[in-house]
Amino acid sequence: MDNSANLALEEVTVTAQRKSQNLQSVPIAVSAFGEEAMERGNMLDVEDVSAMTPGFSLSSYNPVTPQPYIRGVGTNSSSVGDDASVGVFIDEVYAGRAGGYRADMFDIERVEVLRGPQGSLYGRNVAGGAINVITKNPTDTFEAKAKVTGGNYDLKEFRGMVNGQLSDNVNGRVAVSRRTRDGWIENVATGNELANQDNLSARGKLSIILGDRTDLLLSADYATDDLIGSGARSIVGYEDVFGVEHPTENRPDKVDLFVDGFAERDMHGVSAKLTHSLETVDLVSITAYRAQEYAFNDDLMGTYLAPAGAAMTNDAEEDSSQFSQELRIQSAGTAALEWTAGLYLFKEEVNRVESFDSSLVYTLMGYEGLSSRPVWDASNDTTSYAAFGEATYHFSPALSATFGGRYTYDNKAFSSVATGSGDLFGFLAEDYDVTAEKDWKKFTPKATLTYTTENASIVYATISEGYKAGGFNGIAATEQGATVAFDPENATNYELGFKTSLMGQRVRLNGAVFYLEYSDLQSFTVDLESGQVETATGDAEIKGVELEASAFVTDGLLLALNYGYTDSEYVRFASRPEIVGNHLARTPEHSASTSLNYEWPLANGSALNFNTNAMYQSQVYYSVGNVDAASDDARTLVNANVTWDNYAGLKVALWGKNLTDEEYIAHSFDQSGMGFAIMGEPTTWGVSVTREFF
């Protein structure tokens, strides 16, 4: 019997517009990944999600300083006085500091990636887009899950969850994740293994029914990491410069570093979401507090330039805390006019001590005990207010128009005490003790026209603006460089898109073309020859095409294909005119991914599920100068997962990532014609056993 006529893709529900909607009816370029897709794709963090999303890339200086880029919009700095250009929201709470979200993701409902400026409904710093991580809420039905994983490099992982009713009006959920793995890189100078994994994460939620129309959701989370040599850098192009190959060159699993380096992080947060429903409107209050401490030490040059008398480490300690309050009122029901309005408050305190230490150079010269260590002890207090709103009017079942906007006020109070001037590389030209304050105001509008066909396909046209506040250079070389604020970023996006379902919901095809004007983009470059950490702004133009397709090919066989084309170009760069015409950093011209999932029923009522995905990325540059030494060639990564499911609560999975053992560069910077690169992970594999109780 042929069941193909009954095949239909599952409806995907998202909250991209701050309310539950069918993904296919939302006039925004958004990709969504549910729990099942993430498990079968073995997606552990935001970086794994980026590989499956067109126009989204993520590289990391080290694990506590990720750098997300969407459609070419992002930032390469984690200094105390600046912010990310892509907003990350965990259960609707903005995570202000970059290191506050690149953690192990577990017990996840879904992850949504909104591409393009989201300047009306979302909070701060969404010039490039927004990433929504939605964790699972408590329910009144008992369920529990335990998942144990073992794999190569002595991988050990345990994930557990318990959910259920605690009383007539209270439901609770607790989830815990513990993950350890040995390193895969050898430091030949010390003999130690680097690039390990060591993470403990926990989350608890309480859902409390306060009345017939009032609900309270309380959340708390904690995570800690203890990593060795997570920023270990290989050498690229050594032979081209020195005429002889370095012993570790072209060996991604070996480095030659003076110090192993480390990264440590502790973060926690609490939030309260209060929802009160009236007949025609819903009132929502989200109060949240988050805090984070991290420290890292990276050997930037290793021993590679020791013959030339150069060596350097970068270390930092940072603690930050943030408080946010959002109040929303939004329409309920299906009236012709749908609307949302709200107020937003964000306060953040960041303290950071950072150094570029070149004292090793004196040791190489035989002068033990001498120091070349400039230190910046800086802090930044941010206060941000916003009023926002968005309304959609349905002129008819086919035609609707949306207008929205956000007025944002940002204030930054910055201070920095810099000592240790006269270092060998000239990073700090003079000691100084400065305080500075600056505020910015911006209105970011949005307008969308949507046409819906009789079969529920949509075509939409959007103009939207995004904004990121200006800031201060937390590691400036001079007093003037530290005192003068850099300008805010502005992005204006023009987009035409469509979403359609064909063959009775068996095929889904979504696409968008866009043109993005990006002004005053903030670029931070370290010029080791002049010894300056430069804060430069420039303008860029970005245009592209994005396509997402999925289909049931046969009963049990699901195929998905995503493609992104991004043509990015600097059109102004006053401090370095030679940059004009270059591609934006961390923005590949082509990116694509494909996923194939096949379910094979067995005679005993169980089934085997085969899942494989491949991710392609064309050449990417990690510097605004588009230097080949600090770039990565085109790459294709292949992952696979085979799961046996008895449909009675037991699953056994065999999985592998980067099965072709592709050698690729995950992050790099250049100096003297060479690249200092963090290499991507080799082939990893494991076996996971999951037991569910319900």
Is [X] salt-bridged to [Y], going by a charged N under 4.0 Å from an acidic O?
{"X": "Glu318", "Y": "Arg97", "result": "yes"}
{"X": "Glu495", "Y": "Arg115", "result": "no"}
{"X": "Glu541", "Y": "Lys543", "result": "no"}
{"X": "Asp107", "Y": "Lys205", "result": "no"}

Indicate whether any N or O donor in one side chain lies under 3.5 Å from an N or O acceptor in the other, for [X] and [Y].
{"X": "Arg328", "Y": "Tyr344", "result": "no"}
{"X": "Thr75", "Y": "Ser85", "result": "no"}
{"X": "Glu465", "Y": "Asn490", "result": "no"}
{"X": "Thr139", "Y": "Asn171", "result": "no"}
{"X": "Arg586", "Y": "Gln67", "result": "yes"}
{"X": "Glu548", "Y": "Ser31", "result": "yes"}
{"X": "Ser277", "Y": "Asp282", "result": "yes"}
{"X": "Asn510", "Y": "Glu546", "result": "no"}
{"X": "Thr462", "Y": "Thr448", "result": "yes"}

For a side chain to side chain contact (heavy atoms under 4.5 Å, CB included) check, start with the C-alpha distance between Ser271 and Asp91, then their side-chain angles and the critical distance, and finish with the verdict. CA-CA 9 Å; Ser271 67; Asp91 289 331; 5.7 Å; no

Test of understanding: with salt bridge (charged side-chain N to carboxylate O under 4.0 Å, His left out), list the residues that count as partners of Asp319, not counting sequence neighbours.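 Not a single residue meets the salt bridge (charged side-chain N to carboxylate O under 4.0 Å, His left out) criterion with Asp319.
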
Measure the acute angle between the ring planes of Tyr289 and His268, then classify it against the limits of 30° and 60° as parallel, tilted or perpendicular. tilted

Test your reading of the model: is there a side-chain donor-acceptor pair from [X] to the backbone of [Y], 3.5 Å cut-off?
{"X": "Gln17", "Y": "Val26", "value": "no"}
{"X": "Thr382", "Y": "Glu348", "value": "no"}
{"X": "Thr214", "Y": "Gly211", "value": "no"}

Counting only heavy atoms not in [X], do more than 12 fall under 6.0 Å of its [atom1]?
{"X": "Tyr385", "atom1": "OH", "value": "no"}
{"X": "Lys446", "atom1": "NZ", "value": "yes"}
{"X": "Glu36", "atom1": "CD", "value": "no"}

For Phe414, which residues count as a ring pair (Phe, Tyr, Trp, His ring centres under 6.0 Å) partner, sequence neighbours excluded? Phe472

So which heavy atom on [X] is nearest to which on [Y], and how close?
{"X": "Val30", "Y": "Leu114", "result": "CG2-CD1, 3.9 Å"}
{"X": "Phe498", "Y": "Leu509", "result": "CE1-O, 3.6 Å"}
{"X": "Tyr460", "Y": "Ile28", "result": "OH-C, 3.8 Å"}

Return the CD to OG1 distance between Glu338 and Thr392, rounded to the nearest 0.5 Å.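 The distance works out to 6.0 Å.
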
Spatial distance of atom CZ (Arg173) from atom CG (Leu206) [nearest 0.5 Å]: 12.5 Å

Can you confirm if the NZ or CZ of Arg352 lies within 45° of the ring axis of Tyr294 and under 6.0 Å from the centre of its six-membered ring? no

Could you walk me through whether Arg290 and Asp221 satisfy the salt bridge (charged side-chain N to carboxylate O under 4.0 Å, His left out) test, starting with their C-alpha distance in whole Å, then the side-chain angles of each, then the deciding distance to 0.1 Å, before giving a yes or no? CA-CA 9 Å; Arg290 297 197 65 81; Asp221 65 87; 3.0 Å; yes

Go through Ser285 and Gln325 one step at a time and tell me if the side-chain hydrogen bond (donor to acceptor under 3.5 Å, both in side chains) criterion holds. CA-CA 7 Å; Ser285 169; Gln325 174 65 58; 3.0 Å; yes

